[in-house]
Amino acid sequence: MCGIIGFTGYADAKKVMIDGLTALEYRGYDSAGIAFFEENGIKTLKTIGKVSVLADKVAKEVVAKTSESTCGIGHTRWATHGGVTDTNAHPHTSGKVTLIHNGIIENYRELELSLKESGRTPVSQTDTEIAALLIDSLYDGDAIKTIKKAVELLEGAYAFCIMFADQPDIIYSLRNSSPLVACHTKEGSIIASDMVALIDYSKDYFVVPEMHVVILKRDSISLTDLDGNEVSPRMLHVNWDMTAAKKGGYPHFMLKEIHEQPDSLRNTILPRIQNKLPDFTADNIPDSLFDGISRIIITACGTAMHAGLIGKVMLERLLRFPVTVEIASEFRYQDPIIDKSTLVITISQSGETADTLAALKLAKEYGASTLSIVNVKGSSIARESDYVLYTHAGPEIAVASTKAYTAQLSCLYLLAFRFAYATGKLEKEKCIEEMHELLNMIPALEETISFDKKIEEISKQLTEKEDLFFIGRGLDYALSCEGSIKLKEISYIHSEAYAAGELKHGTLSLVTEGVPVVALATQQKVYSKMISNIREVKARNAFVVLITMKGQEAEPSIYDYHITLPEVKDTYAPFLAAIVLQLLAYYTSLHRGLNVDQPRNLAKSVTVE
Ligand code: AGP
């Protein structure tokens, strides 16, 4: 999952690319580079480190030379093949071909061997350079014919931007699985991995169809199939602007996005409540989708999968048939038990996660009806699904997903209630009442965000810890899983989520003096059981952070800190408790002096397997 951008037009290409790569940096940030046309050919500047390091290098280059370029391609990398080195950074050049790539060429070893036989030897360790060598070996001056021949030999996921030295100021681009969006404006033609790099230039764009070639020229952008037949792109319009994709005065994107959750929830929920009932008319999701469904499989990765764990509890509680949650990277290699009575729900913020996309395609092969809950309009998973329920969370830039998670929850709750109502398993009045409770949760969530200073105080007790447990039962256990990944991925503290009732079956041996245990006890039905489990850990002198609903009392001897959530029906507690866990992870990472928005080894969208 890297970020790529291409521009050709009348503006300073280096500036367009650096600005674009800065916006795309959340996709990968271990090295970066640009290539651009100069009078005497294509020049490449690339370096390990973040885009800011590249920008310094480019600035020095500009000072050294006066020439301004108006056509170039840029790349910010998340290493898949080959270490983090200047040589392995993109762009890569072979003969007349200079290109950048997001994805994985799965058969690059095989191609490398055949290219070596013809004397073409890579200088880097990357699969991308093999693609450059291949395309150059095929290039006869006709770019589209060359690309078609290359595509017939390449296997894997890719989004390329390609420049040919003998075709100045033109960029060719194409994708297979990896994301690409493009537009043409008065400044010129621009293409990138994500709208955040285009939004400053245009809100009207198109998603590049797979296996089609985009030809970017300064005065035009055109789309053809692999035989060169022109195709009209399907134009889309994005309704947010760059300020939405910038920090807006917050120190980190993650904190901004945590604070955006009341709005992102209103934007996601309100359009789906009509006449006080859940309603998916505007999403083109008919009640007939639910007819004959007797099983649901939810498949996703990471935080999205954790949203599915909450969804499972809600769906089974209302629909009274099996709902299973499958990790997408596992599900995609299974021989799943699916038939036409199975609804497969995929959940993905980016809509580009390779494992989730592959799981979705498998589900379709097996005859399931498919519905995706996605945040990015027109993304691959959205386009592949029979039905799409968009979260309207706006761009989520921080690698740690927050507002997308709670927006995904709201879609799952709406889906559960509509499905139950439409199939006669929930009476109208009860359904209306639940919609009232769902909306009533938002001001309580806003109040929970105001606990941030107390939560920051607690986080300071965690910064020196190396191990931590999250425990809960039912919805609280599902939420514990999310709390654990949030903390791990940005604070690097090892943590585990545990079903509270399971502790005494082994893990309790790890709970010793001062070991932090975050205990979620919001669910009334199992509250007394949770208090017993908390006594067990406190008896081993754990450091206990207790999270309960207002009105649920606990004697001070069993906790070190007690966060009391504003009063909502406990069905909606996960939304509020999620805020606490997000802020706890945020402040712990902050006080450990780490990069909250761009944690090591990770990237925002895992578009490779
Ligand atoms: C969430 O904090 C993580 N960054 C990660 O687990 C993420 O949720 C996962 O990679 C799935 O991404 P998606 O929602 O874009 O499919």
Side-chain angles (χ1 to χ4, degrees), residues 1 3 26-29 78 102 157 177-179 193-196 252-255 257-258 261 264 298-311 325-332 345-360 372-385 388-391 393-409 411-412 479 481-492 495 497 578-579 581-586 588-589 594-609:
M1 37 292 180
Y26 70 92
R27 300 179 59 85
Y29 32 85
W78 185 82
N102 171 28
S177 286
S178 299
S193 304
D194 185 319
M195 265 310 284
V196 290
H252 298 98
F253 281 112
M254 184 178 177
L255 190 61
E257 289 154 10
I258 289 172
Q261 289 178 92
S264 54
I298 299 171
T299 185
C301 301
T303 285
M305 185 270 287
H306 295 150
L309 296 174
I310 299 273
V325 179
E326 298 282 355
I327 295 171
S329 56
E330 290 293 304
F331 181 75
R332 63 177 294 186
I345 299 173
T346 48
I347 306 172
S348 176
Q349 188 285 131
S350 64
E352 300 298 346
T353 299
D355 286 323
T356 308
L357 180 60
L360 169 60
S372 62
I373 297 174
V374 178
N375 196 42
V376 177
K377 196 172 174 184
S379 55
S380 301
I381 289 171
R383 294 202 314 285
E384 188 70 30
S385 303
V388 187
L389 193 49
Y390 281 113
T391 50
E396 186 178 71
I397 307 301
V399 165
S401 184
T402 52
K403 62 176 181 175
Y405 172 73
T406 49
Q408 288 158 0
L409 294 189
C411 283
L412 287 160
L479 187 65
C481 298
E482 175 54 16
S484 176
I485 195 175
K486 271 299 84 57
L487 186 78
K488 278 184 281 195
E489 65 177 328
I490 62 174
S491 76
Y492 313 156
S495 76
I579 298 295
L581 303 182
Q582 291 166 0
L583 288 169
L584 193 64
Y586 171 78
T588 304
S589 176
L594 300 172
N595 185 331
V596 174
D597 285 335
Q598 296 175 353
R600 69 188 180 200
N601 303 343
L602 299 178
K604 182 61 181 173
S605 176
V606 186
T607 56
V608 293
E609 300 166 20

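Every number for a ligand or one of its atoms is a count from 1 in the order of the listing. Note that this is a predicted model, so its numbers are computed, not measured.
Atoms of ligand 1 found under 4.0 Å from any heavy atom of A400 (numbered from 1 in listed order, with element): 2 (O). For ligand 1, the atoms lying closer than 4.0 Å to a non-hydrogen atom of K486 are 1 (C), 2 (O). Near S401, meaning under 4.0 Å from any of its heavy atoms, are these atoms of ligand 1: 1 (C), 2 (O). Which parts of ligand 1 touch S348 is read off a 4.0 Å heavy-atom cut-off, strictly below it: atoms 13 (P), 14 (O), 15 (O), 16 (O). Per-residue contacts place A304 under 4.0 angstrom from the following atoms of ligand 1 (heavy atoms of the residue considered): 8 (O), 14 (O).
Of all protein heavy atoms, the one lying nearest to atom 4 (N) of ligand 1 is V399 O, 2.7 Å. Counting only heavy atoms of the protein, atom 10 (O) of ligand 1 lies nearest to V606 CG2, 4.0 Å. Nearest protein heavy-atom contact of atom 8 (O) of ligand 1 is T303 N, 3.1 Å. Residue, atom and distance of the protein heavy atom nearest to atom 2 (O) of ligand 1 are E489 OE2, 2.4 Å. With respect to atom 15 (O) of ligand 1, the closest heavy atom belonging to the protein is S350 OG, 2.7 Å. The protein heavy atom nearest to atom 12 (O) of ligand 1 is T353 OG1, 3.5 Å. When hydrogens are left out, the protein atom nearest atom 11 (C) of ligand 1 is C301 O, 3.5 Å; that is the closest non-hydrogen contact. Ranking protein heavy atoms by distance to atom 14 (O) of ligand 1, first place goes to Q349 N, 2.7 Å.
Counting non-hydrogen atoms of other residues, nucleotides and ligands closer than 6.0 Å to CG of L594 gives a total above 12.
Summarising the geometry of Y586 relative to I258, their closest heavy-atom pair is CB-CD1, 4.3 Å, with the distance given to 0.1 Å. Between A307 and L412, the shortest heavy-atom distance links the atoms O-CD1, 3.3 Å. In terms of heavy atoms, A578 sits closest to T406 at CB-CG2, 4.2 Å. Residues K604 and I397 share a closest heavy-atom pair of CD-O, 4.0 Å. Shortest non-hydrogen contact noted between T303 and Q408 is O-OE1, 4.3 Å.
Each of E257, K486, Q261 was scored for a side-chain hydrogen bond (donor to acceptor under 3.5 Å, both in side chains) with Q582, with one residue passing: Q261.
A donor-acceptor pair under 3.5 Å links the side-chain atoms of S385 to the main chain of I381, judged by distance alone.
Using a non-hydrogen distance threshold of 4.0 Å, M305 does not register as a contact of ligand 1.
For ligand 1, the polar-atom distance check against T356 finds no nitrogen or oxygen pair separated by under 3.5 Å.
In I485, the part holding a heavy atom less than 4.0 Å from any atom of ligand 1 is the side chain.
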